[in-house]
Every structure is written in structure tokens, then in C-alpha cells.
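Notes for the one structure printed next.
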Amino acid sequence: MRASQYFIPTMKEAPAEAEVPSHIYLLRAGYIRKLAAGIYEYLPLGLRVLRKIENIIRKHMDEAGALEVLLPILTPSELWQETGRWEVYGKELFRIQDRKGRWFALGPTHEETITDLVRKNIRSYKDLPKNFYQIQTKFRDEARPRYGLIRGREFLMKDAYSFDVSEEMAVKSYEIMKETYHKIFSELGLDFLMVEADVGAIGGKYSHEFVVKAANGEAHIVYCEKCGYAANVEAAKYEFELDKLPPEEPKPLEKVHTPGVSSVEEVAKFLGVDPKKIVKTLVYILDDGSAIAVLIRGDRELNETKLINYFNVLDAHLASSEELEKLGIVEGFVGPIGLDIPVYADISVKDLHNFVVGANEKDYHYINVNIPRDFEPVEFVDFSTAREGDPCPVCKSPLKETTGLEVGHIFLLGTKYSEAMKAYFVDKDGREKPIIMGCYGIGVSRLMAAAVEQNHDENGIIWPENIAPFKLQILALNTKDKNVMDVAEDIYQKAKSKGIEVLFDDRDMSPGAKFKDADLIGIPYRIVVGRGVKNRKVEFQKRANNEKIEIEIEKIDELLDKLV
RNA sequence: CGGAGCGUAGCUCAGGCGGUAGAGCACUGGCAUGGGGGGCCAGAGGUCGGCGGUUCGAGUCCGCUCGCUCCGACCA
């Protein structure tokens with residue numbers, strides 16, 4: 001491709017709206033443009049990258065025996081009603097009406113659609129297992145689209161759904177996808193981690209996330225360098241046994257005056273005690289409107305995902321000042337003693353002695369509180385958010401914490417959708433049973449951003465070879481010099497004939513501008529044709545380190561052969 | 001959805017006292033140049049997000065509205 005005939009609108013300055021490297025460079029280097037918040041156009045260069053990512057995914061999915069389909073983007077509301085997600089999905093679901101008033105959703109995911117297809121066409125155990133996948137644009141009306149391609153309202157996704165006759169077989173399908181995902185992300189050239197994850201609203205038995213390590217990532221993960229354990233902090237088990245304080249003899253319960261002192265830090269300072277001996281009492285309102293209290297040690301953070309899972313609700317939120325007032329609870333001095341809503345405790349509170357809690361009375365705390373003498377929680381549950389330094393649940397060595405971008409997520413769904421939608425098959429024994437499902441997603445467009453987050457420097461993008469829009473870029477520095485142009489043209493033709501994807505910068509521009517553009521665009525290999533042609537030499541560079549190697553023009557074939 | 005901020009040329013931004021619109025870069029033509037966004041000359045480009053109000057007069061003041069961004073909540 002000749003740059004003079006191509007379309008690479010580069011920008012010298014970053015648009016003010018872009019904050020993170022992938023967003024800045026993809027805009028500046030002419031890969032994407034924004035149409036509206038969270039909605040992007042892919043320019044020729046951007047589409048090439050997207051297609052490369054798609055094809056790598058497609059290759060491995062096909063090899064794994066998955067069957068590609070293309071489902072409609074417009075999905076009838078009736079399907080969503082069947083699983084209850086027409087309501088549950090909430091405002092994130094883009095909804096539209098046809099001329100007759102019938103409601104549709106722009107597909108944010110396709111469990112309902114694929115399950116409908118399967119229930120209508122699969123009857124027997126002989127038809128199973130099956131794994132269907134598609135690569136398609138998805139729509140989610142995100143409350144807050146951000147970071148360019150990382151969180152968009154319209155984005156490209158690979159979604160796959162497996163259907164099996166038994167849990168055992170479903171686990172097999174799941175394991176195959178797990179392996180396939182490892183192959184895909186490795187071939188994409190990314191530094192990634194597979195972590196144990198929470199199943200979230202999609203439901204199911206268990207799930208794993210594939211996370212690309214990135215400073216700007218939204219996924220918080222803990223991992224163990226020693227044994228390889230890795231989990232999203234939402235899912236990581238908290239190994240409290242190793243984090244306990246030494247036992248103490250119970251002292252008499254005492255109510256103390258603590259005027260205007262309510263936060264853990266304040267109380268710790270005021271009473272001169274370790275924050276670990278202060279217990280926070282958090283009041284949560286569950287989605288059925290009921291209130292519960294959760295106790296957690298002062299140095300720990302509550303994990304709402306664990307809370308929501310434990311209570312098996314769709315939503316829970318910390319009670320507001322108004323809600324506390326309605327319940328007759330004193331904000332800032334809440335405590336378990338004498339509280340008339342159910343009290344649950346995080347395991348960090350177990351075996352804690354002589355601790356401090358609010359006294360449910362303005363400006364008072366209890367000290368030397370002990371369980372079960374002074375109160376008894378309904379149950380001790382793991383509600384803690386895992387963090388750096390916590391003992392690894394597998395091998396007990398201290399966990400590390402990092403952030404990353406979730407680019408893949410696999411779930412063993414079980415029968416949540418097949419039962420709701422009556423997707424049954426007849427088994428060998430002649431009985432009708434629900435199909436066991438799994439679902440597997442990869443954020444294709446997000447991967448493009450993730451690759452840039454992980455591979456850039458201060459001058460621009462440095463594409464991993466397998467997803468670079470072109471492999472080789474030729475810079476002709478002086479287009480007025482016939483020698484330079486002849487040599488460059490010759491190399492260009494040779495590269496093309498060898499099947500190398502090559503971008504030839506033949507534009508009449510200053511050398512500096514060409515170098516800057518080339519760095520921004522980030523094509524892995526570069527041949528610079530300039531003043532060296534006088535001595536029959538050109539330069540070969542790698543974008544990754546920009547080191548220059550002089551090559552004799554006569555030896556160019558050899559070099560190109562290495563790039564094939 | 002709660003909080004904050006911003007909408008002036010393609011991009012980054014200035015102007016803000018109310019008096020009819022600016023810079024740099026990019027773009028077009030020309031000249032010189034040719035190894036890291038370099039130089040000179042000439043040019044084109046704007047209903048100052050929209051609607052309404054105040055005023056003799058609004059980019060500037062007021063109200064509403066739309067859009068965008070950030071923090072948070074949310075988020076297969």
C-alpha cells in the first residue's frame with residue numbers, strides 16, 4: 001500500500017478528550033475516530049488491526065471445534081422477558097420499537113438468542129455437544145463510556161456458547177475454551193493472566209477472566225508469584241486464619257464518650273487502639289428493601305460482590321443518611337449491640353477480642369466488645385476484598401496486586417438459561433433434560449486498545465507483530481531524488497511480491513514528519529531509504545528499539561526473506 | 001444516575017470590559033529545502049453547540065437545552 005493513496009489522518013496533538021495511551025495513540029495515528037460518546041469509526045488502518053485480531057480468534061475457535069454463526073443484532077423483547085433480563089438488564093439495554101410498536105433490544109450479549117436457536121433445532125443427545133460462536137457488534141448503553149475503545153457503547157465482541165448433555169461434558173467444553181483462550185491471547189502477543197472471577201449478573205457456577213496487565217486497567221486482581229494463583233479481588237478468597245490477632249482475655253464491656261469521632265482512623269487515634277481492633281458496622285439495603293448490617297474489621301474493605309452473591313440478590317447498596325434515619329440508626333456510631341436488624345460478620349471479625357464498635361448512640365462507642373458475650377452475628381461470612389499482602393488461599397505466601405483490562409471472560413452457566421427458556425434435549429434414557437451451557441466472550445475491539453496500552457512508548461504505538469496493520473514500512477525520505485525513489489520502489493515491489501504486508505511512505509513530506517508518523521503508527525519493521533543510497537545502502541529498523549542497521553541494497557532480498 | 005468541568009477554525013487553545021473574531025499547528029497555491037513534525041510568501045477556512053431572554057448592540061450577561069470529558073456509583 002502506498003501511503004500517498006491510503007488514508008492515515010495523523011494528528012500532531014492529542015484531542016483533549018483522550019486520557020489514556022491507547023485512546024490517544026489510536027486517534028493520533030489515524031486508526032479510529034469518534035462519532036459520539038463510546039461510539040467509534042474504524043479507519044482503514046484500524047480495521048486491518050481489528051481483522052487480524054478477529055482472524056486469530058477465528059482460527060483458534062475453529063480449531064477447537066466451535067461453529068461460527070451470525071445472530072441478529074435486533075433481538076425481540078419476548079426472549080428477554082423469558083429469562084427476566086428485559087427488566088434485570090436495566091438501562092444498559094438499548095431498546096427500540098418497530099413501526100407496530102413491538103419492542104426489540106440491540107443485543108448486548110446473545111444467551112437468549114442462541115438458546116432460542118438451539119431449543120428449536122436440537123432435540124437429542126445425539127446432536128450434542130455443540131459450541132456456536134460469532135464475531136459481532138454489541139450494544140450496551142453504558143452509564144459512563146470511557147477510555148476510547150476500552151469501554152464503548154458499541155463494540156466488537158466474539159461470543160461463544162457451548163451446549164452439553166451433562167455437567168461433566170460441560171466442564172470439558174469449558175476446559176477446551178480455557179485452553180483455546182490461552183492460545184489466542186498468546187498468539188496476539190499479549191502479556192495476560194487468567195484469573196478466577198465472579199460470575200456477576202450473567203450467573204453460573206464458576207468463571208475465569210483473562211486480563212491483560214495494564215496500568216489503566218479497571219480490573220483489580222491479586223496473584224501469587226509462588227504458586228500461580230490469580231483472582232479478581234471480587235472473587236479472591238480471604239485467608240483470614242493467617243491474619244488473626246493473638247487471643248486475649250475478655251475485659252469488661254464499657255461505653256466510652258467519643259464526641260464527633262466516627263471514622264475508623266479517628267476512633268483509632270482517639271482511643272489509641274489498632275484499627276484492626278475497631279469493627280465497622282455497615283448497613284446495607286438489599287434490593288427487596290430489607291436492611292442488614294455487616295461487620296468488618298477496621299483495616300478491611302467490604303466486597304459488595306461477595307455480599308450480593310451471599311444474599312443472592314441483584315443489588316445492594318450502602319444505606320444513605322435518610323435510610324439510616326428511617327431505620328432509627330445513628331449515622332457514624334452504628335454498632336451490633338442492640339441493633340434490631342440482622343447482623344452478619346465478615347470472617348475478619350471472628351476470634352477478635354476486646355474490640356471497638358459504635359454504641360448506636362451519638363458520640364459513644366463500646367470498647368472491649370467480645371463475641372458471643374455481647375452479641376452474636378447471624379453468621380460469619382467472607383465479605384472481605386482481597387488485597388496485596390494477604391496470604392494466598394492456595395500456598396499462603398503474600399499475594400501481589402495489579403490492575404488489568406478484562407479482555408476475555410468464560411462462564412460455566414449450567415442450566416440458568418436452558419431452564420428459563422425450556423431448552424431441553426432427550427437423553428439416552430429417553431428422558432427430557434435441560435442442556436448444560438457455557439458462555440465465552442472476548443472483547444475484540446477492546447483487545448485492540450489493550451494491545452496499545454501494553455505496547456507503546458512516548459512516540460507512539462509498537463504493535464505486536466501478529467496484529468500490526470502492516471509488517472513492514474518503507475520510508476522514502478526524499479521523493480525528489482530519483483535514486484531514492486527508484487530504490488524504494490524496487491524494495492516495495494519486491495516486498496509485495498514476497499507477500500509481505502508493506503506500507504510504502506512515498507508522500508512528499510519532510511523526513512522528520514515521516515519518522516514521526518512512522519513511530520506513531522507503530523509498524524514493527526522499517527526500511528529507510530535516504531542519503532545512504534549514494535553508497536548503495538539503506539537502513540533497517542525495528543520500531544521496538546529504533547536501532548538502525550545499515551544494509552547493502554544488494555542484500556535486501558535476504559532481509560525481506562527473513563520478514564516473510 | 002450523583003458530583004465537577006468544558007463546548008470559539010480540522011486539532012490545541014486565546015479573547016471574555018457587551019461594540020461585529022484571533023494564534024500556533026493542519027489545509028490550498030508558490031518558492032527554497034530534504035535524516036526527526038524545519039523555512040519564506042500568498043490564501044482559504046467560523047451562523048463562537050442550539051433555543052430563548054436582557055440590550056441600540058451578545059462569542060461575552062441571564063435562563064433552558066443538547067453534546068463532550070473527568071471523579072464516583074454502575075458495568076459478562
Side-chain angles (χ1 to χ4, degrees), chain A residues 9-20 23-24 27-28 30 33-39 85 88-93 107-112 138 140-148 150-153 155 157-161 197-204 206-210 218-219 232 234 304-305 308 314-318 320 406-413 416-417 437-443 446 459-460 475-481 483-485 507-520 526 528-534 538-539 541 546 548:
Chain A
T10 57
M11 292 187 276
K12 207 163 174 175
E13 283 166 295
E17 70 200 36
E19 300 268 322
V20 300
H23 194 194
I24 291 171
L27 284 170
R28 280 191 59 201
R33 284 293 183 265
K34 186 179 75 178
L35 180 61
I39 302 175
R85 290 211 293 182
V88 171
Y89 226 103
K91 289 185 179 163
E92 218 176 289
L93 198 59
T109 172
H110 280 74
E111 283 81 10
E112 282 80 356
K138 295 286 191 270
R140 291 182 196 177
D141 195 2
E142 293 283 350
R144 194 178 156 207
R146 66 185 117 171
Y147 304 146
I150 291 173
R151 178 175 295 283
R153 293 193 291 172
F155 57 97
M157 179 171 188
K158 188 283 304 179
D159 48 325
Y161 308 88
D198 178 70
V199 296
I202 202 119
Y206 57 87
S207 84
H208 287 88
E209 278 174 0
F210 289 79
E218 296 173 298
N232 191 302
E234 290 177 352
E304 287 190 10
T305 305
I308 285 168
L314 290 166
D315 185 50
H317 65 271
L318 208 50
S320 64
E406 179 191 339
V407 292
H409 204 159
I410 59 178
F411 301 82
L412 188 62
L413 288 175
K416 173 173 169 166
Y417 294 91
M437 291 175 60
C439 73
Y440 317 90
I442 291 181
R446 181 184 278 185
N459 295 315
L475 302 193
L477 290 192
N478 185 352
T479 50
K480 301 274 191 327
D481 183 329
N483 272 334
V484 167
M485 288 313 283
R507 298 172 301 171
D508 181 18
M509 282 178 23
S510 80
K514 286 190 175 182
F515 280 119
K516 288 287 184 191
D517 268 0
D519 285 346
L520 248 190
R526 184 185 302 170
V528 179
V529 184
R531 59 189 173 202
V533 292
K534 280 177 264 163
V538 296
E539 283 149 32
Q541 289 183 355
N546 277 6
K548 295 172 193 170

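Every chain is numbered from 1, with letters handed out A, B, ... down the list of sequences.
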For A:Glu209, answer base if it contacts any base atom (sugar-phosphate contacts may also be present), sugar-phosphate if it contacts only those atoms, and nothing otherwise; contact means non-hydrogen atoms under 4.0 Å. nothing

Distance test, side-chain N/O of A:Tyr147 to OP1/OP2 of B:C75, below 4.0 Å: no

Looking at A:Glu111 and A:Lys416, is any side-chain nitrogen of the basic one under 4.0 Å from a carboxylate oxygen of the acidic one? no

With nearest nucleotide decided by heavy atoms, which residue, A:Lys138 or A:Asp517, maps closer to the 5′ end of RNA chain B? A:Asp517

A:Glu17: partners by side chain to side chain contact (heavy atoms under 4.5 Å, CB included), with sequence neighbours left out: A:Pro15, A:His23, A:Leu27, A:Lys34

Side chain to side chain contact (heavy atoms under 4.5 Å, CB included) against A:Ala518, all qualifying residues, sequence neighbours excluded: A:Gln473, A:Leu475, A:Arg526

With a non-hydrogen cut-off below 4.0 angstrom, is A:Ala16 in contact with a base, only sugar-phosphate, or nothing? sugar-phosphate

Does A:Lys34 place a side-chain N or O at less than 4.0 Å from the phosphate oxygens OP1/OP2 of B:U69? yes

So how far is it from A:Leu413 CG to A:Tyr440 OH, rounded to the nearest 0.5 Å? 7.5 Å

Structure string for RNA chain B in dot-bracket form, Watson-Crick and G-U at under 3.5 Å, | interchain: (((((((..((((.....[..)))).(((((.......))))).....(((((..]....))))))))))))....

How close or far is atom P of B:C75 from atom CZ of A:Arg153, stated in whole angstroms? 18 Å

Note: for A:Glu92 and A:Lys12 on RNA chain B, the residue whose nearest nucleotide lies more 5' is A:Lys12

